[in-house]
Number of protein chains: 2
Amino acid sequence: MADTWQEELRARGYRVTPQRQLVLEAVTSLEHGTPEEICTEVQRTARGVNISTIYRTLELLEELGLVKHTHLGHGPPTYHLAADADHVHLVCQECGTVTDVPTRVAEGLVDTLTRDFGFETDVHHLTVYGRCSNCH
Amino acid sequence: MADTWQEELRARGYRVTPQRQLVLEAVTSLEHGTPEEICTEVQRTARGVNISTIYRTLELLEELGLVKHTHLGHGPPTYHLAADADHVHLVCQECGTVTDVPTRVAEGLVDTLTRDFGFETDVHHLTVYGRCSNCH
DNA sequence: TTTACTGCAAATACTTTGCAAGCCC
DNA sequence: GGGCTTGCAAAGTATTTGCAGTAAA
């Protein structure tokens, strides 16, 4: 399963470029990152890369199902690998800390929404706000 | 319990102004609204009110615990009365529809997070993404 | 009168878009 | 070589801030 995504790109008429590889690597190594942070990470290797390329690339990678994003509050969205997405974000409204917990915690919620409302939950996009154990 | 919030304002050294009353009324009648939408609603009564006043007022009303906001996706946040907040938002990633369901559906999740992670969930700020019954 | 509040305009943050040059295939 | 991609700059959308005039108490 070496370079599947590259082939997938080409199969769809897109091209494999250094920028796209770098963005995917940055998302991988950062685990969680805003477009700005990803841009900074990419620029450690290739200085010329523009922020608008980051936005365009993230949109493309998301369309391909390689990365996902979540809204963790006011600011810019956070991107992460779709493959690493098996967790739910807990955001502390007090200190801003983000904790990852297994999606298993939302099983009951998912079942209820499916059963009672016919709603198919995207658990990987779930963010829960509240107070972490340090802040109460 | 007529004018408690006005007294609360004054008690804290703030002032009761027509703008603040109008914003609260707009949030009440809209049920859910972005700052922009609230501004438009307010301006149906008082044309001169500026969008920056809306932002400042919403921040104040939230600090007082009268209104709350949620992030329903990319765009601007949605404000609603704290008193009306007893629901969870289901956002369809396909058609964009927002459905309100009782917070009760998240009981299990809340309990698990409290028990296993010491995390105190703010259910009223909970937004669940996925596909609604019409979109799959 | 005192000083919080507002409107206005400018600044800031985040994201998108147009276009000519560049590079993948 | 064709056309998808990129960098750059400019425009667009969302929000914040400074300041001087206005109004609540």
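Since the structure is predicted, the reported quantities are computational estimates derived from the model, not experimental observations. A note on names: the letters A, B, ... follow the listed sequences, proteins ahead of strands, and every chain is numbered from 1.
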Look at all strands and tell whether B:Gly48 reaches a base, only sugar-phosphate, or nothing, counting heavy atoms closer than 4.0 Å. sugar-phosphate
Without decimals, in angstroms, what is the distance between B:Leu61 CG and C:dC5 C1'? 14 Å
To the nearest angstrom, how far is B:Asn50 atom CG from D:dT16 atom P? 13 Å
Rounded to whole Å, CG of B:Leu22 lies from P of C:dC5 at a distance of 16 Å
Just the rounded figure in Å: distance from C1' of D:dA25 to CD of B:Gln6. 15 Å
D:dA23 phosphate, OP1 or OP2, under 4.0 Å from B:Gln19 side-chain N/O: no
Starting at the 5' end of DNA chain D and moving along, which residue's nearest nucleotide shows up first, B:Pro35 or A:Thr57? A:Thr57
Whole-Å gap separating C1' (D:dA14) and CD (B:Glu37): 13 Å
Describe, as an angle rounded to 10 degrees, how the axis at the first end of the helix from C:dT1-D:dA25 to C:dC25-D:dG1 is tilted relative to the axis at the last end, five pairs per end. 30°
Calculate the interatomic distance between A:His71 atom NE2 and C:dT15 atom C1'; express it in whole Å. 12 Å
Please determine whether a side-chain nitrogen or oxygen atom of A:Thr53 lies at a distance below 4.0 Å from atom OP1 or OP2 of D:dG7. yes
From the list B:Val23, B:Ile38, B:Val42, side chain to side chain contact (heavy atoms under 4.5 Å, CB included) partner of B:Val49 resolves to B:Val42
Within the structure shown, what part of the strands sits under 4.0 Å from A:Gly75 by heavy-atom distance: base, sugar-phosphate, or nothing? nothing
How close do A:Gly65 and A:Ala82 get, counting heavy atoms only, and between which atoms? O-CB, 3.3 Å
Encode nucleotides 16-25 of chain C as B, S and - characters from 5' to 3', where the letter depends on protein heavy atoms closer than 4.0 Å: B to the base, S only to sugar-phosphate, - to neither. BBB-----BS
Between A:His87 and A:His124 (judged by ring centroids, cut-off 6.0 Å), do the two rings come close enough to count as a pair? no
hydrophobic_cluster_shared for A:Trp5 and A:Tyr79, side chain cutoff 4.5 Å: yes
Under 3.5 Å: donor-acceptor pair, side chain of A:Thr57, backbone of A:Thr53: yes
Rounded to whole Å, please give me the gap between CD1 in B:Ile38 and C1' in D:dA14. 14 Å
Answer with yes or no whether the side chains of A:Gln93 and B:His125 bring together a donor and an acceptor at under 3.5 Å. yes
Note, B:Leu24 side chain near B:Leu81 side chain (heavy atom, < 4.5 Å): yes
Going by atom types only, do A:Glu31 and A:His80 share a side-chain donor-acceptor pair under 3.5 Å? no
Between CD on residue B:Glu41 and CD on residue B:Glu36, distance to nearest 0.5 Å: 13.0 Å
What is the distance, to the nearest angstrom, from the OH atom on B:Tyr79 to the P atom on D:dT15? 7 Å
